[in-house]
Asks: 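Attaching a single structure in structure tokens format; questions to follow.
If you're wondering where the values come from, they're calculated on a predicted model, not measured in any experiment. Indexing begins at 1, ligand by ligand and atom by atom, following the structure's order.
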Amino acid sequence: MTDNNRVVVLLSGSGTTLQAILDQQNQYSYQVVGVLSNRPEAYGLERALHAGVDTQCLDHKLYSSREQFDLELMEHIDRYNPDLIVLAGYMRILSSAFVEHYQGKLINIHPSLLPKHKGLNTYQSALDAGDKEHGTSVHFVTEELDSGSVVMQAALEITPSDTAKTLEQRVKVMEHHLYPKAIDWIVSGRIDIKDDVISLDNKPLGPQGYRIAEQNIVTEH
Ligand code: GRF
């Protein structure tokens, strides 16, 4: 175990991503020390409780502005003394102050091969664009939506029978392997970010980060 392994997860929904992160905690070097949600009904909170992880819920509807909510959220997060803040289906736009406060310590997973298909409905966008492949990206968070440096990507081939639903299911399977690995590589110091350039074991990676194909997703370590 490294010393800089304290992870806080933010979510808004069902939390299957959180579940994967929790389930793989034993085989990696990170430790989830807190889970926060902006939605009281988020099932992810129950998953955390079930795993014995501390939870906090701050209902964003009770705050008069995004800035005020984010300031309060930052206070709660900082009490956990985290080394890494992990967005896992956290459906809120972040204020500048929040992004700045956690610069280099805040990551997200986005279901597309960034820089393609930023924003929502990426599965349908990929199909509509006639893409041959789709996938998911782990990236550091910057102020511009889905635009920070990419740490890792996993790609799959789109088949003629794929729909938005099947693509989502296939991508989620990949995400559940990719995100825990990315978190582990970051907290253990294998991944480094300097001037927006990502390095793995001191070797600079290209703009699409470390790439894993679908067939290698389960076996790669
Ligand atoms: C994931 O598919 C991720 O790509 C996106 O939000 C989704 C969260 O799903 N950022 P869940 O709530 O963890 O099931």
Asks: Will you find, in the side chains of Lys118 and Ser147, an N or O donor that is under 3.5 Å from an N or O acceptor?
Replies: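 Yes, a side-chain donor-acceptor pair sits under 3.5 Å.
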Asks: Tell me whether the NZ or CZ atom of Arg92 lies within the 45° cone about the ring axis of Phe98 and under 6.0 Å from its centre.
Replies: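 No, Arg92 does not lie over the aromatic ring of Phe98.
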Asks: Judged on heavy-atom distance to atom 11 (P) of ligand 1, which of Val138, Val9, Thr16 sits nearest?
Replies: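 It is Thr16 that holds the nearest heavy atom.
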Asks: May I ask whether Thr136 has any heavy atom positioned less than 4.0 angstrom from an atom of ligand 1?
Replies: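 Per 4.0 Å heavy-atom rule, Thr136 does not contact ligand 1.
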Asks: Give me the nearest non-hydrogen protein atom to atom 10 (N) of ligand 1 as residue plus atom name, then the distance to 0.1 Å.
Replies: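 Heavy-atom neighbour on the protein nearest atom 10 (N) of ligand 1: Ile109 O, 2.8 Å.
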Asks: Could you see which bit of Glu175 sits under 4.0 Å from ligand 1, with heavy atoms only: side chain, backbone, both or neither?
Replies: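 The answer is the side chain.
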Asks: Within a distance under 4.0 Å of any heavy atom of Pro111, pick out the atoms of ligand 1 and give their elements.
Replies: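 The list of qualifying atoms is 4 (O).
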Asks: Could you tell me whether His110 and ligand 1 have an N or O pair separated by under 3.5 Å?
Replies: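 For ligand 1, there is no N or O atom that lies under 3.5 Å from one belonging to His110.
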Asks: Within the 4.0 Å heavy-atom shell around Gly15, which atoms of ligand 1 are there?
Replies: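 In order of number, 11 (P), 12 (O), 13 (O), 14 (O).
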Asks: Using modelled atom types and a 3.5 Å cut-off, is there a donor and acceptor pairing between side-chain atoms of Gln24 and backbone atoms of Gln19?
Replies: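 Checking the backbone N and O of Gln19 against the side chain of Gln24, no donor-acceptor pair under 3.5 Å is found.
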Asks: Which is it for Gln19 and ligand 1 at heavy atoms under 4.0 Å: side chain, backbone, both or neither?
Replies: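 Neither part.
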Asks: Has the side chain of Asp184 got a donor or acceptor atom that lies under 3.5 Å from a matching backbone atom of Tyr28?
Replies: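 No.
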Asks: What protein heavy atom lies closest to atom 9 (O) of ligand 1? Include the residue and the distance to one decimal.
Replies: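 Ranking protein heavy atoms by distance from atom 9 (O) of ligand 1, first comes Lys172 NZ, 3.0 Å.
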Asks: Quick one: do the Asn5 and Ser29 side chains pair a donor with an acceptor below 3.5 Å?
Replies: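 Asn5 vs Ser29: no donor-acceptor pair found between side chains.
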Asks: With a 6.0 Å cut-off (strictly less than), is the heavy-atom count around NZ of Lys61, excluding the residue itself, greater than 12?
Replies: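 Count over threshold, so yes.
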Asks: Side chains of Glu100 and Ser96: do they bring a donor and an acceptor to under 3.5 Å?
Replies: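 Judged by distance alone, the side chains do not pair up.
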Asks: Can you confirm whether the side chains of Asp54 and Tyr80 place a donor and an acceptor under 3.5 Å from each other?
Replies: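 Short answer, yes.
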Asks: Measure from atom 7 (C) of ligand 1 to every heavy atom in Ser137, Ser112, Gly89 and give the option owning the shortest one.
Replies: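 Of the listed residues, Gly89 has the closest heavy atom.
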Asks: Provide, to 0.1 Å, the distance between atom 13 (O) of ligand 1 and the closest protein heavy atom, together with that atom's residue and name.
Replies: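 Sorting protein heavy atoms by distance from atom 13 (O) of ligand 1 puts Thr17 OG1, 2.5 Å first.
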